[in-house]
Amino acid sequence: MIKVTKEITGRINQGDIYRDIEYIESVEIANKEIKISKIIFPLVIVLTQDCDLQQDSAYRIEDTETPNSDNRKLFSIIVAPLYNEEMFLAGEHLNDDETITMKMAGIPKFGKKKKITSQYNNLVKNETPRYHHLAFPDDIDIVDSVIDFKHYFTINIDNLMKDKNEKFVCKISELYRENVSQRFAFFLSRIGLPNQ
Amino acid sequence: MSNHSVESEYLKDDSLTSTSSSKETIAEKTENITSNISLKADRAIDKSYSTDVENTETDDIKTYGLSKPKRVIITGITKND
């Protein structure tokens with residue numbers, strides 16, 4: 001079970017969890033008509049390195065019209081969605097039968113003779129590179145969830161700063177967020193070799 | 001009608017006193033009873049009693065992470081240049 005705090009700070013932190021975050025899929029303009037397709041994710045976690053977020057925050061706080069340098073400014077932050085564990089295990093976490101109908105591979109929790117499967121064990125022990133399991137304490141309002149590192153995306157940092165206080169849910173404590181960050185970096189840096 | 005007599009009416013209801021009911025079943029039946037009572041004009045609803053029952057049953061229910069992502073499409077007309 002991870003440790004979590006609900007305290008809101010003045011800046012965005014690595015490990016922050018926000019609700020109802022929009023991902024812009026596409027923008028099409030044709031014959032003076034504009035069509036925007038976006039996906040609203042119920043929960044996302046911030047994965048950008050905290051030192052970068054801290055430097056960006058310091059840059060924004062500096063009350064000067066012409067800062068010495070824009071070197072510390074970030075354009076966007078990296079986030080990844082959190083999926084409901086039960087829906088994820090069933091492979092139904094991206095299928096609402098209406099707006100999104102993605103067929104995802106599920107993970108069986110029980111095998112023969114109702115024994116816990118090794119795949120599920122690996123998931124909750126965070127030994128599956130693509131996923132990170134989060135078991136939230138009982139006093140935190142979030143169900144047990146799974147991060148899918150493959151579904152990371154970026155969001156504009158200015159937009160998130162405007163809605164930060166309204167959309168903030170909680171923050172994972174430092175030790176646990178560093179574990180998430182390290183596993184995400186490992187996932188991105190993996191080298192896939194072709195089957196021979 | 002006094003609050004005491006309304007509470008007595010609740011306690012007499014067999015579905016609430018059934019020992020075989022699960023927590024979920026009791027919550028559902030409580031909700032049904034409350035909605036039925038609201039239709040009867042001559043009965044006063046003891047709101048504090050029904051609220052206490054609801055709070056007991058929903059204390060451990062989490063509210064975030066229950067829904068799935070959804071796609072939204074917005075259309076509009078661009079302004080003339």
Side-chain angles (χ1 to χ4, degrees), chain A residues 4 6 17-44 81-88 90 92-102 104 134 136-146 148 151 153 167-170, chain B residues 3 6-7 10-11 13-39 44-81:
Chain A
V4 163
K6 287 186 180 178
I17 294 178
Y18 294 97
R19 61 178 179 86
D20 300 327
I21 298 299
E22 298 180 353
Y23 162 70
I24 304 295
E25 272 190 306
S26 63
V27 179
E28 297 170 14
I29 301 176
N31 299 324
K32 295 185 181 178
E33 285 188 356
I34 185 168
K35 177 180 165 187
I36 302 172
S37 175
K38 59 184 182 181
I39 298 176
I40 303 174
F41 288 94
L43 292 172
V44 302
L82 270 64
Y83 299 119
N84 178 299
E85 182 197 299
E86 284 188 20
M87 295 175 190
F88 171 84
E92 291 293 321
H93 51 292
L94 282 168
N95 180 11
D96 65 358
D97 292 326
E98 192 178 337
T99 61
I100 300 181
T101 54
M102 292 175 66
M104 306 299 291
L134 296 173
F136 290 91
D138 292 338
D139 61 334
I140 297 299
D141 238 359
I142 307 178
V143 298
D144 288 354
S145 305
V146 178
D148 189 341
H151 293 171
F153 58 97
K167 295 196 173 184
F168 176 82
V169 177
C170 63
Chain B
N3 287 343
V6 172
E7 287 181 28
Y10 278 106
L11 292 174
D13 189 307
D14 287 338
S15 61
L16 277 181
T17 56
S18 168
T19 55
S20 63
S21 297
S22 65
K23 278 192 179 180
E24 190 176 338
T25 308
I26 290 175
E28 288 173 357
K29 288 182 177 176
T30 304
E31 191 178 342
N32 287 338
I33 292 167
T34 306
S35 61
N36 287 337
I37 289 173
S38 67
L39 295 174
I45 298 172
D46 187 341
K47 290 184 180 177
S48 62
Y49 178 83
S50 61
T51 302
D52 287 343
V53 171
E54 285 170 10
N55 281 343
T56 302
E57 300 301 330
T58 58
D59 270 350
D60 55 352
I61 292 181
K62 303 200 174 190
T63 55
Y64 289 111
L66 300 178
S67 59
K68 298 178 183 180
K70 65 177 179 181
R71 178 179 284 120
V72 174
I73 296 182
I74 300 172
T75 56
I77 300 175
T78 61
K79 289 183 181 178
N80 291 329
D81 290 334

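In the text below, chain A, chain B and the rest are named by the order of the sequence lines, each starting its count at 1. Hydrogens, waters and symmetry mates play no part in the numbers below; they use all other heavy atoms, side chains included. Computed from a prediction, not measured in an experiment: that's the story for all the values here.
Among all heavy-atom pairs drawn from Met104(A) and Leu94(A), the shortest one is SD-CD1, 4.0 Å.
The shortest distance between side-chain heavy atoms of Phe41(A) and His151(A) does not fall below 4.5 Å. Residues Ile21(A) and Phe153(A) have side chains in contact (heavy-atom distance under 4.5 Å, counting atoms from C-beta outward). Between Glu98(A) and Lys70(B), the closest side-chain pair of non-hydrogen atoms is not below 4.5 Å.
Using a 4.5 Å cut-off between heavy atoms, Val143(A) touches chain B through backbone and side chain atoms alike. With a threshold of 4.5 angstrom between heavy atoms, Phe136(A) approaches chain B through its backbone and through its side chain. Looking at Ser145(A), neither its backbone nor its side chain comes within 4.5 Å of chain B, counting heavy atoms on both sides. For a residue to count as touching a neighbouring chain, one of its non-hydrogen atoms must lie under 4.5 Å from one of that chain's; by this rule Ile100(A) touches chain B with backbone and side chain alike. In this structure, chain B has a heavy atom under 4.5 Å from the side chain of Glu25(A), while its backbone stays farther away. In this structure, chain B has a heavy atom under 4.5 Å from the side chain of Ile29(A), while its backbone stays farther away.
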request  = Carefully, step by step, assess Ile40(A) and Val72(B) under the rule side chain to side chain contact (heavy atoms under 4.5 Å, CB included).
outcome  = CA-CA 7 Å; Ile40(A) 303 174; Val72(B) 174; 3.8 Å; yes
Evaluate side chain to side chain contact (heavy atoms under 4.5 Å, CB included) for Lys6(A) paired with Ile140(A), printing each intermediate quantity in order. CA-CA 8 Å; Lys6(A) 287 186 180 178; Ile140(A) 297 299; 3.8 Å; yes
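Of all the listed residues (Ile74(B), Thr75(B), Leu66(B)), the one sharing the greatest number of non-hydrogen pairs under 4.5 Å with chain A is Ile74(B).
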